[in-house]
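When reading the values below, keep in mind they use all heavy atoms of this one structure, side chains included, and skip hydrogens, waters and symmetry mates.
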Amino acid sequence: MAVLYFLNVISGTLAIVLGVFALVMVLTSLMNFCGLYAIFGCSTCKSEGKK
């Protein structure tokens, strides 16, 4: 998204929205946390106690 912004492919409100979205995706991947999983109460993490 940053490359598209600096090359003037996207601008204005679209650039802001896509930039915020990209930033949120990067931050959630770095923190190993998914807000949607927390909202819906699901998990893909395998439990060590179950076999």
Side-chain angles (χ1 to χ4, degrees):
M1 294 303 145
V3 171
L4 292 177
Y5 177 75
F6 288 118
L7 292 176
N8 290 322
V9 174
I10 58 173
S11 63
T13 305
L14 177 64
I16 293 170
V17 170
L18 291 176
V20 169
F21 181 73
L23 185 62
V24 168
M25 294 293 111
V26 168
L27 291 176
T28 57
S29 68
L30 291 174
M31 294 186 307
N32 294 327
F33 173 77
C34 180
L36 290 176
Y37 278 16
I39 291 170
F40 293 119
C42 63
S43 176
T44 57
C45 182
K46 296 179 182 178
S47 297
E48 292 181 18
K50 293 182 179 179
K51 288 190 176 190

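In this structure, the separation between CG on L14 and OH on Y5 is 12.0 Å, given to the nearest 0.5 Å. Here T28 contributes atom OG1 and L23 contributes atom CG; the two are 9.5 Å apart, rounded to the nearest 0.5 Å.
A single hydrophobic cluster is not seen to contain both V26 and V20; linkage of ILVMFWY side chains at heavy-atom distances under 4.5 Å, directly or through other members, places them apart. The same ILVMFWY cluster, assembled from side-chain heavy atoms under 4.5 Å apart, contains both I10 and V3. A chain of hydrophobic side-chain contacts below 4.5 Å, direct or via other Ile, Leu, Val, Met, Phe, Trp or Tyr residues, connects L7 to M1.
At least one side-chain heavy atom of M25 sits under 4.5 Å from a side-chain heavy atom of F21.
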